[in-house]
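To start, the structure under review is shown below, and the notes come after it.
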There are 2 protein chains.
Amino acid sequence: MKQHTANFDTKMKLIHGFSNKTRMQILECIKEEEKTVSQIIEETKGNQSNISQHLACLKGCGIIVGRNEGKYMYYSLRNQHIRDLLSMFDVVLEDVENDVACCDRHMD
Amino acid sequence: MKQHTANFDTKMKLIHGFSNKTRMQILECIKEEEKTVSQIIEETKGNQSNISQHLACLKGCGIIVGRNEGKYMYYSLRNQHIRDLLSMFDVVLEDVENDVACCDRHMD
DNA sequence: CACACATATTAGTAAATACTAATATGATAA
DNA sequence: TTATCATATTAGTATTTACTAATATGTGTG
């Protein structure tokens with residue numbers, strides 16, 4: 001019952017991986033196929049150092065995996081479950097969308 | 001093709017809701033049934049102001065809904081999709097778990 | 001009405017996270 | 001073996017986010 005703690009921290013780490021705009025852009029970029037760091041940088045119009053750090057973060061979170069080939073590093077989603085989770089966000093988004101969009105107003 | 005942007009921001013807002021330890025504790029606390037703020041504070045051993053702010057955040061993200069009854073506010077998950085998403089985190093966690101747990105070491 | 005309770009809001013500060021520029025590493029090719 | 005390209009790492013700073021204490025609001029009760 002207190003083994004909960006370790007799992008919980010790992011879960012937070014996992015979720016944290018998804019909670020940044022740049023990281024989500026990277027994930028959407030490699031959702032269908034593996035890409036090299038250069039490709040990711042180009043497609044997301046990101047800064048090399050920044051993208052590299054976010055890739056390290058995503059790898060550390062267990063969301064993506066890297067494959068080395070010569071001087072290139074190919075990154076891809078870890079597995080289908082991750083892909084499913086990404087799709088799930090979109091599903092949940094759909095029924096949340098109308099309400100969330102206007103909730104800055106609700107804040108007052 | 002550029003309608004993507006608004007959706008994306010909303011998606012980030014949604015995901016952000018899940019990305020904090022206190023907020024996830026709240027969500028697990030009300031996952032099965034609605035609870036009052038006091039109950040949530042007690043069960044999570046949280047600070048009143050802090051919990052209140054996180055509840056506002058979760059509501060703003062479209063993750064939970066509040067129901068007023070007299071002097072009490074009852075909060076619960078917005079719908080089944082949110083519950084599914086929470087379960088999904090656990091599913092993904094399972095196959096990520098072993099690797100992520102030891103990835104502090106991978107960081108070097 | 002005055003008081004107690006439940007919750008929300010505000011303001012200030014602390015802590016975590018993201019970003020940038022500079023530099024390092026490691027692989028290939030001339 | 002030097003030059004170049006791809007990527008990683010580091011250090012410093014900026015930005016965002018979380019937290020706490022104090023105060024406000026709103027509701028029921030004696």
Side-chain angles (χ1 to χ4, degrees), chain A residues 8-27 29-30 34-61 63-76 103-108, chain B residues 8-27 29-30 34-61 63-76 103-108:
Chain A
F8 192 71
D9 287 346
T10 308
K11 192 198 291 196
M12 286 321 301
K13 192 165 178 174
L14 173 73
I15 297 172
H16 174 254
F18 297 101
S19 75
N20 170 276
K21 202 165 176 169
T22 302
R23 284 195 296 274
M24 278 301 283
Q25 281 171 177
I26 292 173
L27 292 176
C29 173
I30 65 176
E34 63 172 14
K35 302 236 172 97
T36 68
V37 178
S38 302
Q39 285 180 295
I40 297 168
I41 290 170
E42 195 194 341
E43 293 185 26
T44 64
K45 300 179 199 332
N47 169 289
Q48 186 269 320
S49 169
N50 197 216
I51 296 295
S52 184
Q53 287 175 77
H54 281 301
L55 285 168
C57 173
L58 287 166
K59 193 162 72 164
C61 294
I63 296 172
I64 65 175
V65 291
R67 177 176 73 82
N68 189 256
E69 195 179 300
K71 61 177 175 176
Y72 297 99
M73 271 301 281
Y74 286 89
Y75 285 100
S76 55
C103 73
D104 290 314
R105 265 168 255 148
H106 293 180
M107 290 290 187
D108 58 15
Chain B
F8 192 70
D9 287 346
T10 309
K11 192 199 291 195
M12 286 321 301
K13 192 166 180 176
L14 173 72
I15 297 173
H16 174 254
F18 298 100
S19 75
N20 170 275
K21 202 164 177 169
T22 301
R23 284 194 297 273
M24 278 301 282
Q25 281 170 176
I26 293 173
L27 293 176
C29 173
I30 65 175
E34 63 172 14
K35 302 236 171 94
T36 68
V37 178
S38 302
Q39 286 179 294
I40 296 169
I41 289 169
E42 196 195 340
E43 292 185 27
T44 63
K45 299 178 200 332
N47 169 289
Q48 187 269 319
S49 168
N50 197 216
I51 295 296
S52 183
Q53 285 175 78
H54 280 302
L55 285 168
C57 173
L58 286 165
K59 194 162 73 164
C61 294
I63 296 173
I64 66 175
V65 292
R67 177 176 73 83
N68 189 256
E69 195 179 301
K71 61 176 174 176
Y72 297 99
M73 269 302 280
Y74 286 89
Y75 285 101
S76 55
C103 73
D104 291 315
R105 266 169 254 147
H106 292 180
M107 289 290 186
D108 57 17

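Hydrogens, waters and symmetry mates are skipped; everything else that's a heavy atom, side chains included, is used. Here is how names work: the chains are called A, B, and so on, in the same order as the sequence lines, proteins then strands, and each is numbered from 1.
- For the pair G17(B) and C61(B), the tightest heavy-atom approach, listed with the atom from each and the gap, is CA-SG, 3.7 Å.
- Distance from the side chain of S38(B) is smallest for dA6(C) among the nucleotides dA6(C), dA8(D), dT17(D).
- In this structure, Y75(B) reaches the dA8(C) phosphate: one of its side-chain N or O atoms is under 4.0 Å from OP1 or OP2.
- Among residues two or more places apart in sequence or in another chain, the side chain to side chain donor-acceptor pair (under 3.5 Å) test is passed with Q53(B) by S49(B).
- You'll find the side chain of Y75(B) stays beyond 4.5 Å of the side chain of E34(B), heavy atoms only.
- In this structure, the CD1 atom of I41(B) is 14 Å from the P atom of dC5(C), given to the nearest Å.
- Following rounding to the nearest Å, H16(B) (NE2) and dT17(C) (C1') show an atom-to-atom distance of 11 Å.
- For the pair S38(B) and E42(B), the minimum side-chain heavy-atom distance is 4.5 Å or more.
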Requested in this report: Summarise how protein sits on nucleotides 24-30 of chain C as a single string, 5' to 3': B when a protein heavy atom is under 4.0 Å from the base, S for sugar-phosphate-only contact, - for no contact.
Outcome: ---SS--

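- In this structure, R67(B) atom CZ and dA6(C) atom P are separated by 16 Å, rounded to whole Å.
- Closest non-hydrogen pair, M24(B) versus I15(A), comes out as CE-CD1, 3.6 Å.
- The distance from atom SG of C57(A) to atom CG of N20(A), rounded to the nearest 0.5 Å, is 7.5 Å.
- For the pair Y72(A) OH and dA8(D) P, the interatomic distance rounds to 14 Å; values are reported in whole Å.
- Here L27(A) contributes atom CG and I64(A) contributes atom CD1; the two are 7.0 Å apart, rounded to the nearest 0.5 Å.
- DNA chain D is contacted by N20(B), T22(B), R23(B) of residues 18-25 of chain B, taking any non-hydrogen atom closer than 4.0 Å.
- Remark: P of dA6(D) and CG of L55(A) are 15 Å apart, rounded to the nearest angstrom.
- Remark: E43(B) CD is packed, more than 12 non-hydrogen atoms of other residues, nucleotides or ligands lying under 6.0 Å away.
- Note that NZ of K45(A) and CD1 of I51(A) are 11.5 Å apart. Values are rounded to the nearest 0.5 Å.
- Residue H54(A) has a polar side-chain atom (N or O) positioned under 4.0 Å from OP1 or OP2 of dC19(C).
- Residues from residues 45-53 of chain A lying near DNA chain C, meaning a heavy-atom separation below 4.0 Å, are N47(A), S49(A), N50(A), Q53(A) in numerical order.
- In this entry the distance linking OH of Y74(B) with P of dT27(D) reads 16 Å, nearest Å.
- Atom CE in M12(B) sits about 15 Å away from atom C1' in dT15(D), given to the nearest Å.
- Residues that satisfy the side chain to side chain donor-acceptor pair (under 3.5 Å) test with K21(A), not counting sequence neighbours, are D9(B).
- A straight line from NZ of K35(B) to P of dT7(C) spans 13 Å, rounded to a whole angstrom.
- Legend: residues meeting side chain to side chain donor-acceptor pair (under 3.5 Å) with T22(A), ordered by chain and number and at least two apart, are absent.
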